[in-house]
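Please read the structure below before turning to the comments.
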Amino acid sequence: MTFLPPDFYLRPTLTVARELLGKTLVRRLDATTLSGRIVEVEAYHQHGDASCHCRNGPTARNEVMFRAGGHLYVYFTYGMHFCMNVVTEEEGIGAAVLIRAIEPLEGIEIMRQHRKGDKPDRGLADGPAKLCQALAIGREENGIFLDGSVAGILDAPVVPDGELQRSSRIGITLGRELPWRYFIASSPWVSRARPSGERK
DNA sequence: CAGTCGATGTACT
DNA sequence: GTACATCGACTGG
């Protein structure tokens, strides 16, 4: 198995976000492997992005985002949820791509157990906190490098432009004018078609 | 279907 | 104190 090399992540954040669509996110847990196809992402950047955790410079929480591309930034929010991001660009730049939804591929029954309940497959990982729950990603995984030992991403052909859609990012107030959410238009596995309140 | 709202911990003002 | 890159349960149409 060949995981994406560091060079993949050491590029402009929007490029990495765009190219992460269609790739396979892999999570190794003991003897089992969980995986899914990335169908929805959002970019965040220290500069020019009022909603980025790094907008005011380094802090204890966002330190991982300033590391070199290829690390995993996991943060805790709303008192109960984790979200995972792929760090991008060179060390010293605070930028990352939030993984918002995957299409479950391997280990679906394990994901269902992690999600506690008898959820339909579509509800297993169609949201940033749901996907972390399904893949058992939490505090422990913050700061790991995506070399495949704990988690990693496998290459896959780039999704053609015609299958892509962009929108403003979900659940933020500042920076909602930036069209930094990318998703696969026809995929039934995305969290939603468009941000709520946004019209067709 | 869409919209509203409470849960619940923590980083930061 | 307040806001929060969310979710699930609930309401009304």
Side-chain angles (χ1 to χ4, degrees), chain A residues 9 13-14 16-18 20-21 25 36 38-67 69 71-89 93-104 111-143 146 151 165-184 188-200:
Chain A
Y9 305 101
T13 302
L14 295 183
V16 176
R18 162 77 179 79
L20 277 174
L21 290 178
L25 174 62
I38 299 171
V39 297
E40 178 179 347
V41 300
E42 284 177 1
Y44 288 85
H45 202 286
Q46 170 185 18
H47 296 123
D49 175 9
S51 72
C52 183
H53 287 173
C54 297
R55 62 188 177 282
N56 294 324
T59 65
R61 172 172 75 160
N62 66 27
E63 169 267 319
V64 172
M65 278 186 77
F66 287 89
R67 296 191 196 173
H71 285 85
L72 189 71
Y73 169 53
V74 181
Y75 69 90
F76 181 69
T77 191
Y78 288 106
M80 61 186 86
H81 298 303
F82 293 97
C83 294
M84 61 174 283
N85 302 251
V86 172
V87 175
T88 58
E89 307 196 26
I93 297 178
V97 175
L98 170 72
I99 311 296
R100 280 197 59 90
I102 61 173
E103 169 185 348
M111 293 189 204
R112 201 188 313 285
Q113 288 169 28
H114 288 161
R115 291 272 298 134
K116 316 206 177 351
D118 126 89
K119 315 260 184 204
D121 290 358
R122 352 186 20 143
L124 290 179
D126 59 338
K130 293 166 143 188
L131 145 191
C132 282
Q133 218 181 321
L135 299 180
I137 301 278
R139 282 192 173 82
E140 310 270 300
E141 288 70 36
N142 185 39
L146 291 167
Q165 205 162 313
R166 299 182 66 174
S167 80
S168 54
R169 294 166 295 176
I170 309 282
I172 57 165
T173 50
L174 299 157
R176 61 186 172 292
E177 69 285 355
L178 300 173
W180 285 5
R181 172 177 178 242
Y182 296 75
F183 60 103
I184 298 178
W189 305 97
V190 300
S191 64
R192 59 183 84 181
R194 67 191 67 260
S196 78
E198 200 166 293
R199 46 164 314 166
K200 213 187 304 182

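A, B, ... follow the sequence lines: proteins, then strands. Residue 1 opens every chain.
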Review point. Would you say C/dC4 has OP1 or OP2 under 4.0 Å from some side-chain N or O of A/T173?
Key: yes

Practice item. State, with a plain yes or no, whether a side-chain heavy atom of A/R192 is found less than 4.5 Å away from one of A/I170. Key: yes

Exercise for review: Could you tell me whether the side chain of A/V87 reaches within less than 4.5 Å of the side chain of A/L72, counting heavy atoms only?
Suggested key: no

Point to revise | Nucleotide C/dA5, atom C1' - distance to NZ of A/K130 in whole Å | key: 15 Å

Exercise for review: For residues A/L146 and A/V86, determine if any side-chain heavy atom of one lies less than 4.5 Å from a side-chain heavy atom of the other.
Suggested key: yes

Review point. Is it true that A/K130 and A/D126 have a side-chain N and a carboxylate O under 4.0 angstrom from each other?
Key: yes

Revision key, fill the gap. Taken to the nearest whole Å, NZ/A/K116 to P/C/dG8 is 12 Å

Point to revise | Ring centres under 6.0 angstrom apart (A/H53, A/Y75) | key: yes

Point to revise | Watson-Crick and G-U pairing of DNA chain B, under 3.5 Å, as dot-bracket with | and [ ] | key: |||||||.||||.

Revision key, fill the gap. Sorted by position of nearest nucleotide on DNA chain C, 5' first, the leading residue of A/Q133 and A/L174 is A/L174

Revision key, fill the gap. Rounded to whole Å, OH of A/Y75 lies from C1' of C/dA5 at a distance of 3 Å

Exercise for review: Output yes when A/D121 and A/R115 qualify as a salt bridge under the 4.0 Å nitrogen-oxygen rule, no when they do not.
Suggested key: no

Practice item. Establish, with yes or no, whether the OP1 or OP2 oxygen of C/dC7 is under 4.0 angstrom from a side-chain nitrogen or oxygen of A/R115. Key: no

Between the protein and nucleotides 9-13 of chain B, list every N/O to N/O distance that falls short of 3.5 Å.
| from | atom 1 | to | atom 2 | distance (Å) |
| --- | --- | --- | --- | --- |
| B/dG9 | O4' | A/G79 | O | 3.3 |
| B/dG9 | N3 | A/G79 | N | 3.4 |
| B/dT10 | OP1 | A/R139 | NH2 | 3.3 |
| B/dC12 | OP1 | A/T59 | OG1 | 2.5 |

Point to revise | Point-to-point distance, once rounded to the nearest 0.5 Å, from CG of A/L124 to CH2 of A/W189 | key: 7.5 Å

Revision key, fill the gap. Here the distance between atom P of C/dC4 and atom CG of A/L98, to the nearest Å, is 16 Å

Review point. Which is true for A/I172 with a 4.0 Å heavy-atom rule: it touches a base, it touches only sugar-phosphate, or it touches nothing?
Key: sugar-phosphate

Exercise for review: Could you check how far CZ of A/R176 sits from P of C/dA5, rounded to whole Å?
Suggested key: 13 Å

Exercise for review: State plainly whether the residues A/R100 and A/E42 are in salt-bridge range, i.e. N to O under 4.0 Å.
Suggested key: yes

Review point. Whole-Å distance between C/dT6 P and A/N85 CG?
Key: 11 Å

Study note, to complete from the structure: A/L131 atom CG is separated from C/dC7 atom C1', nearest whole Å, by 14 Å

Practice item. Starting from P on B/dA7, measure out to NE2 on A/H81 and report it in whole angstrom. Key: 13 Å

**Study point:** Cation over ring face, A/R61 and A/Y73, 6.0 Å, 45°
**Key:** no

